[in-house]
Amino acid sequence: MPAVKYQKGEKVMGRWPGSNLYYEVKVLSFDSMSQLYTVIYKDGTELELKEQDIKSAAGFQARSRSRSRSRSPGRRRSRSRSPARTTRRSSSRTAAAVAAAAITDSVPSSRRETRLKDTLEVRPNRISLQTYLEAEPEKNQARYNLRRRKDDGAAKEVTAKPEQLEVEEAKKAVAPIATLTTQLDFGGKLGAYFWLLFLPAWVLFLIIQVNLEDPSLANFPPPLPPLEAFLDAQALAFVILWIAFQAMLYILPVGKLSEGMPLMSGERLKYRTNGFFAIVVSAVVVAVALHQGLDLTYIHSHFLQLAVATFLIATLLSVYLYVRSRYAPQEQLALGGNSGNVVYDFFKGHELNPRIKDFDLKFFCEMRPGLIGWCLINFAMALAEMKQQNLEAPSNSMILVNLFQLLYVVDGLWNEEAILTTMDLMHDGFGFMLAFGDLVWVPFTYTMQAYYLVRHPNPLSFPIVTIINKQGFVGFYIFRKSNSEKNAFRRNPSDPKLSYLKTIPTATGKSLLVSGWWGVIRHPNYLGDLLMALAWSLPCGFSHLLPWYYMIYFIILLVHRDSRDMSECRRKYGSAWDEYCRTVRYRIIPCVY
């Protein structure tokens, strides 16, 4: 085994990646597998450098003195007298070098995770040139004028300072490119095949099984209806009309035009957040249609056909999304859906924010047809229950399910802007996973409780109704307050209204909340979600397992999310995350570590 040239704790000179500038660094460790040294600069930045990019301090100073002595006075004077040479000399310095010098001078307080592909390997808590340029734009623009020069086609004298031009070049040089995805989710490439087949089959199974006279799992597998029963032209037309109606409401110039979170390029997309307006108009249109004699119980009697029609539309949309993503610029691709494998990228989503002009396809599908359709289906199930059970009004169980789920959806649409800070919008590409989830999974599986109650009524006494009511509203209160606190902090951590919050700083420049709702448990929003899910299932009773499907599914989902978040945050925040875990010990429930 070769000897390590530079020892732990030794002070050496490390070359800043992408430049010829060296700065004093301290060796932290050496990885024999990658043959890389981990070093730390004076401003706290940690990088991984190759051995050839490190020089001993003594040797470096000796060479520097030698070079300075070898330069003749005449040559130095000649360069200082020549403006042309001065210009060439400054422009020959790399853009990365200028930004590196700026980092050393000003020591930025905000650093984010990124990748450098020259001498820097991928690791958390490392800084890149792009990170510095984006981290404090106001501060950097005060130090350097980052406005682009207008190109009028004429050869004009450049009046900008060399530093201005070099920082501009730096921003161009480090334009983010979606590299190939190496860490694959959901079982990787084989998992993508599995989920593409399993998810549609599971939705069909739920719909067929729950509609049986005895939906017990002992009757598995359920008898399949004839093939022609799966397809219905009228159901397909109904779904197309519903999606087109929601699209029309989305493009109306009504409501706030909100800015999304900064993308890797620094760009902020604009979104028309008028979801609450859309659900109100939808409710009015449905009421008018009912008054005109429309039979909404059609949704219950053709539930299977509507689900199949929506699945076909979601699949066609996914194909379109993948084909168009093949022609999208690299910087518009999603980091998590760029594996190079067609099936995996089709499933996970290849393009981050596919748009047709200003029409954002992902944002629209996330919040409109499926979410508002969920409420429409629930309402139709209440009408179907009255019709089948000969009731003058929906049962208490059906009212509770409709009330809680309507509250959940209306709250989401009222606070629609908050979704712009979620993983779906910020990081996940738009492919089959989200298209199927938004259009099929949400409206046709989250309505299982209402669908079940149509044929399997469960009368509730007034005390039981009161208990479920209180429990559901407590869950909603925790869910809303904690999510509002998180969203406000993400958008503006320096907001004076949030000054009471305590945080732990991290090397990425972000901070971890350790007070307020997020100081009680690590995921207070998950706790609120679980309490609400329980309130949705309790009205169905305990006779069968399938009405509890959502609760079971949600527990599995949250455990997976919690495990994923723990792993990702530990990788991203390092020792700061360990300190956070010691400070906020409880994970999802205030008695479970």
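Along the sequence shown, residues are numbered consecutively beginning with 1.
- Looking at K362, its side chain does come within 3.5 Å of a backbone N or O of D428 through a donor-acceptor pair.
- Side-chain contact between L376 and S282 is absent, with no heavy atoms from C-beta onward closer than 4.5 Å.
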Please step through ring pair (Phe, Tyr, Trp, His ring centres under 6.0 Å) for the pair Y193 and F347, ending with a clear verdict. CA-CA 8 Å; Y193 285 96; F347 171 75; over 10 Å; no
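- Checking side-chain atoms of T310 against main-chain N and O of V440 turns up no donor-acceptor pair under 3.5 Å.
- Smallest separation of non-hydrogen atoms from E417 and S258: OE2-OG, 3.2 Å.
- Between Y452 and H456, the ring-plane angle classifies as parallel under the 30° and 60° cut-offs.
- Panel note: side chain Q405, backbone N378; no donor-acceptor pair is recorded below 3.5 Å.
- Among pairs with a residue in residues 276-293, none fulfils salt bridge (charged side-chain N to carboxylate O under 4.0 Å, His left out), at least two apart in sequence or across chains.
- Pairing each heavy atom of L434 with each of G429, the nearest pair is CD1-O, 3.4 Å.
- A pairwise comparison of heavy atoms in V584 and R522 identifies O-NE, 2.8 Å as the closest pair.
- R268 places no side-chain N or O within 3.5 Å of a backbone atom of M261 that could act as its donor or acceptor partner.
- Here the side chains of L317 and F430 are in contact, with some heavy-atom distance below 4.5 Å.
- Among pairs with a residue in residues 207-231, those fulfilling ring-ring contact (aromatic ring centres under 6.0 Å, His included) read F205-F220, at least two apart in sequence or across chains.
- Under a 4.0 Å N-O distance rule, the pair E416/R272 does not qualify as a salt bridge.
- For the residue pair D345 and S339, a side-chain donor N or O sits within less than 3.5 Å of a side-chain acceptor on the partner.
- Around CZ of R326, the count of heavy atoms belonging to other residues, nucleotides or ligands within 6.0 Å does not exceed 12.
- Ring orientation note: the planes of Y322 and H350 are tilted relative to one another, at an angle of 30° to 60°.
- Atom CG of D358 is surrounded by 12 or fewer heavy atoms from other residues, nucleotides or ligands within 6.0 Å.
- Side chain of N274 to main chain of F277: no donor-acceptor pair is present (N/O by atom type, distance under 3.5 Å, no hydrogens or angles).
- Put simply, the side chain of H544 reaches to within 4.5 Å of the side chain of D214, judged on heavy atoms.
- Closest of all the heavy-atom pairs between P369 and I243 is CB-CG1, 4.1 Å.
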Could you give me the CA-CA distance, side-chain angles and deciding distance for D411 and N415, then say whether side chain to side chain donor-acceptor pair (under 3.5 Å) is met? CA-CA 6 Å; D411 171 74; N415 297 282; 3.0 Å; yes
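- Contact check for W202 versus W441: side-chain heavy atoms found under the 4.5 Å cut-off.
- Between I419 and F363, some side-chain heavy-atom pair lies under the 4.5 Å cut-off.
- Note on ring orientation: taking the six-membered ring where Trp is involved, the planes of F311 and F432 are perpendicular (angle over 60°, cut-offs 30° and 60°).
- Pairs engaging residues 387-409 under the ring-ring contact (aromatic ring centres under 6.0 Å, His included) rule: W374-Y408, F404-F473, Y408-F479, Y408-W536 [sequence neighbours left out].
- Within a 6.0 Å radius of CG in L557, more than 12 heavy atoms belonging to other residues, nucleotides or ligands are found.
- Side-chain atoms of Q389 and S395 include no donor-acceptor pair closer than 3.5 Å.
- Between F436 and V203 there is a side-chain heavy-atom pair separated by less than 4.5 Å.
- Using bins of under 30°, 30° to 60° and over 60° for the plane-to-plane angle, the ring pair Y451/F303 lands in the tilted bin.
- Ring pair Y553/Y550 is tilted by interplanar angle, where 30° to 60° counts as tilted.
- Residues M426 and T421 share a closest heavy-atom pair of SD-O, 3.2 Å.
- Taking both residues in full, the closest heavy atoms of L296 and A380 are given as O-CB, 3.4 Å, listed atom of the first, atom of the second, then distance.
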